[in-house]
Number of protein chains: 2
Amino acid sequence: MTSARPRSTAVAGAPELAADLSFLLARANALSLAAGNAALAPFGLKARSYSVLALASGDARPAQRDLAEYLRLDPSQVVALVDDLQAKGLVTREPDPTDRRANVVVATPEGARLFRDAERAARDAERTLHADLSDAERAELGRLLARLAFPG
Amino acid sequence: MTSARPRSTAVAGAPELAADLSFLLARANALSLAAGNAALAPFGLKARSYSVLALASGDARPAQRDLAEYLRLDPSQVVALVDDLQAKGLVTREPDPTDRRANVVVATPEGARLFRDAERAARDAERTLHADLSDAERAELGRLLARLAFPG
DNA sequence: TATTGTTATACTCTATAACTATA
DNA sequence: TATAGTTATAGAGTATAACAATA
């Protein structure tokens, strides 16, 4: 017979970290990332590759350097992510007419289609994970997080 | 002469991810983690070891398994973290009188002292990072994040 | 001179399985 | 039979430096 594990409860109420925004951010992100990766797995994507595909599917026509900045990745990591997506036929590297050093990353039609399907699954998973927040609270959280994520 | 990089701006305004709570969470966390690790480096700590030291400094008397659950780490990672802190004389492993399998992790006096100093530095760094949020907004963000971080 | 993309390398982090001692 | 801690190991993620082509 297992006891009710009172120690665990004590830790859960510990004041040392519960008031720490950085810690809450880290823990919420860990849960979100795990749920997101699980939702994206059937599409052969992870959070990273999904993000690259998302930006490649839009109108921004990002160079790899833009992806690195926006996603806070090292340019060398972007190389590997784009290599992988390109090998799967989901994105292409197009020469940037205004800068011959740069590759513009663009989704193929299949890539754009897969992104739309994956996006729906990701949104559903997020909705489930945040089920106990109201729409207004989700919107407020998004506004506050955006100010932390994009200062200045 | 460098141009104003209009592409970057276009990506920053891309609607594909900007509305994605998971993405905002990931990006905000990445910035927070980088700032936190930088602030903790002078103390020989990182976010992980700081969190362990924080819980060991409180009254919770956590077993390693409690630390693993609360910090969302694998128990084998906790072993390495506690080994490191113990080698530095900041925490000790005490036998749990109620369960001879379990080690209770407790801060030494030096550990508790270092934590207090590190905590101040971490709080200052966080305050700087979140300078454009009001106290009320910070509190609201904490409430919302706590509900994501500790569902149920 | 500086920047984009690339490669190579090393380092950290993470996930998994197996083992021991206890429960 | 299950759990706490440990060990080992492999894989993923991250950071760094160097290079060729181009700006």
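Numbered from 1 within each chain, the chains take letters A, B, ... in sequence-line order.
- For B:Arg65, the listed nucleotide lying nearest its side chain is D:dG5; candidates were D:dG13, D:dG5, C:dG5.
- A salt bridge links A:Arg61 with A:Glu94: at least one charged nitrogen is closer than 4.0 Å to a carboxylate oxygen.
- Between the base of D:dT22 and the side chain of A:Arg100 there is no donor-acceptor pair shorter than 3.5 Å.
- A:Asn103 places its CG atom 12 Å from the P atom of D:dA23, with the value rounded to the nearest Å.
- Checking D:dG13, D:dT22, D:dT6 against the side-chain heavy atoms of A:Asp99 singles out D:dT22 as nearest.
- In terms of modelled atom types and a separation under 3.5 Å, the side chain of B:Asn37 and the main chain of B:Ala47 share a donor-acceptor contact.
- A:Asp74 comes within contact range of at least one nucleobase, with a heavy-atom separation under 4.0 Å.
- Heavy atoms of A:Arg93 sit under 4.0 angstrom from primed sugar atoms or phosphate atoms, though from no base atom.
- The CG atom of B:Asp96 sits 9 Å away from the P atom of D:dG5 (whole-angstrom rounding).
- Distances were taken from every side-chain heavy atom of A:Leu73 (C-beta onward) to each of C:dG5, C:dA23, D:dT14; the shortest belongs to D:dT14.
- As a whole-Å value, the separation of A:Leu81 CG from C:dT7 C1' is 16 Å.
- Contact annotation: A:Lys46 side-chain N/O to D:dG13 OP1/OP2 distance is under 4.0 Å.
- Put simply, CG on B:Leu33 is 16 Å from P on D:dG13, counting in whole angstrom units.
- When atom types are taken as modelled, the side chain of A:Thr128 and the backbone of A:Asp124 share a donor-acceptor pair closer than 3.5 angstrom.
- Nucleotide D:dA4 holds its P atom 18 Å from the CG atom of B:Asp83, rounded to whole Å.
- Atom CD of B:Glu94 is separated from atom C1' of D:dA4 by 17 Å (rounded to the nearest Å).
- B:Asp84 places its CG atom 10 Å from the P atom of C:dC13, with the value rounded to the nearest Å.
- B:Arg138 CZ to B:Asp132 CG: the interatomic distance, rounded to the nearest 0.5 Å, is 9.0 Å.
- For the pair A:Gln77 CD and C:dC13 C1', the interatomic distance rounds to 13 Å; values are reported in whole Å.
- One donor-acceptor pair, N or O on each side, does fall under 3.5 Å between the base of D:dT16 and the side chain of A:Ser76.
- Checking side-chain atoms of A:Lys88 against main-chain N and O of A:Gly44 turns up a donor-acceptor pair under 3.5 Å.
- Using a 4.0 Å cut-off, no side-chain N or O of B:Arg101 falls inside it from OP1 or OP2 of D:dG5.
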